[in-house]
Amino acid sequence: MMTTHHLDRARPYVLGLFRIVIGSLFTCHGIASLFGVLGRETLRAGTWPGWYAAVIQLAAGLLVTLGLGTRTAAFLGSGSMAFAYFDVHQPAALLPIQNGGEPAALFCWTLLLLTVTGPGAFAVTRTRHPAPQQQEPHLGVPV
């Protein structure tokens with residue numbers, strides 16, 4: 001017998017709001033670095049790796065926020081943040097609290113979560129191609 005918790009009905013909506021917040025924050029990082037706003041200096045075009053990371057943050061962040069190609073955009077963003085952590089932050093110290101890599105680590109893992117879960121509610125993709133109503137398979141693991 002399959003039992004569901006009453007909060008399970010809210011899952012797609014909370015996931016959609018989570019996606020919008022994470023995507024918006026990721027977009028802000030890209031905008032700040034590319035255009036020198038929000039307390040950041042403008043990165044010179046083509047500077048490795050910062051400028052390219054900012055372009056990925058802006059593009060992937062917008063796509064994630066809108067819920068358009070969420071899994072692909074989130075995967076690209078997650079990978080770029082993993083690279084940023086290990087290439088830029090980790091050589092300075094092992095732990096994110098020591099090396100200033102907390103934002104990179106958090107974005108890496110939250111975007112990886114969106115890669116696996118998908119966009120949730122309020123996604124542009126859902127309005128263009130509504131998903132058929134299906135019950136999620138129960139894997140025997142309480143959620």
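Hydrogens, waters and symmetry mates play no part in the numbers below; they use all other heavy atoms, side chains included. Note that the structure is predicted; figures quoted are calculated from it, not measured. Position 1 is the first residue of the sequence, and the numbers go up from there.
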Check your understanding: With no hydrogens and no angle check, is any side-chain donor or acceptor of T47 less than 3.5 Å from a backbone partner on R44?
Key -> yes

Exercise for review: Answer yes or no: is there a side-chain heavy-atom contact under 4.5 Å between L43 and L34?
Suggested key: no

Revision key, fill the gap. For H89, the side-chain hydrogen bond (donor to acceptor under 3.5 Å, both in side chains) test, sequence neighbours excluded, returns none

Review point. In this structure, are over 12 heavy atoms from other groups packed under 6.0 Å from F75 atom CZ?
Key: no

Check your understanding: Given the rule that I, L, V, M, F, W and Y join up when any side-chain heavy atoms are under 4.5 Å apart, are L25 and I31 in one cluster?
Key -> no

Review point. Any donor and acceptor pair, going by atom type alone, linking the side chain of T65 with main-chain N or O of S24 inside 3.5 Å?
Key: yes

Point to revise | A73 versus V64, closest heavy-atom pair with distance | key: CB-CG2, 3.9 Å

**Study point:** Verify same cluster id: L111, L63 (apolar side-chain graph, 4.5 Å)
**Key:** no

Practice item. Determine whether V124 and Y13 fall in the same hydrophobic cluster, where Ile, Leu, Val, Met, Phe, Trp and Tyr are linked whenever their side-chain heavy atoms lie under 4.5 Å apart. Key: no

Point to revise | Any residue meeting side chain to side chain contact (heavy atoms under 4.5 Å, CB included) with L106, in chain and number order, not counting sequence neighbours | key: none

Check your understanding: CD of Q90 to CG of L95: how many Å apart, nearest 0.5 Å?
Key -> 9.5 Å

Exercise for review: Please answer whether the main-chain N or O of G69 pairs with a side-chain N or O of T72 as donor and acceptor at a distance below 3.5 Å.
Suggested key: no

**Study point:** L68 reachable from L17 in the ILVMFWY side-chain graph, under 4.5 Å edges
**Key:** no

Review point. What's the shortest heavy-atom distance between P49 and F83, and which atoms?
Key: CB-CE2, 4.0 Å

Exercise for review: Using atom types as modelled and distance alone, determine if a side-chain donor or acceptor of D8 lies under 3.5 Å from a backbone N or O of H5.
Suggested key: yes

Exercise for review: Indicate whether any N or O donor in one side chain lies under 3.5 Å from an N or O acceptor in the other, for T115 and R71.
Suggested key: no

Check your understanding: Would you say Y85 and C108 make side-chain contact, with heavy atoms under 4.5 Å?
Key -> no

Check your understanding: Should we count CG of L38 as having more than 12 external heavy atoms under 6.0 Å?
Key -> yes

Check your understanding: Is there a path of hydrophobic side-chain contacts, each under 4.5 Å between heavy atoms of I, L, V, M, F, W or Y residues, that connects M81 with F86?
Key -> no

Review point. Are the side chains of F18 and L113 in touch, meaning some heavy atoms are under 4.5 Å apart?
Key: yes

Point to revise | Non-hydrogen atoms of G118 and T70 that approach each other most closely | key: C-CG2, 4.4 Å

Practice item. Report yes or no: does T27 contribute a side-chain atom to a donor-acceptor pair with the main-chain N or O of L62 at less than 3.5 Å? Key: yes

Review point. Do the non-hydrogen side-chain atoms of S78 and F107 ever get within less than 4.5 Å of each other?
Key: no

Check your understanding: Does the T125 side chain pair with the main chain of G67, one donor and one acceptor, at a distance under 3.5 Å?
Key -> yes

Exercise for review: Please go through V116's hydrophobic cluster and name the other residues, only I, L, V, M, F, W, Y counting, with side-chain heavy atoms under 4.5 Å joining them.
Suggested key: none

Exercise for review: Ignoring hydrogens and angles, tell me if any N or O in the side chain of R19 forms a donor-acceptor pair with the backbone of L114 under 3.5 Å.
Suggested key: no

Exercise for review: Give the minimum heavy-atom separation between A93 and N99, together with the two atoms involved.
Suggested key: O-ND2, 2.8 Å

Check your understanding: Is the shortest heavy-atom distance from the side chain of F35 to the side chain of T42 under 4.5 Å?
Key -> no

Study note, to complete from the structure: Closest non-hydrogen atoms of Q98 and L94, given as atom of the first, atom of the second and distance, are OE1-N, 3.8 Å

Point to revise | Closest non-hydrogen atom pair, G30 against Q57 | key: N-OE1, 3.3 Å

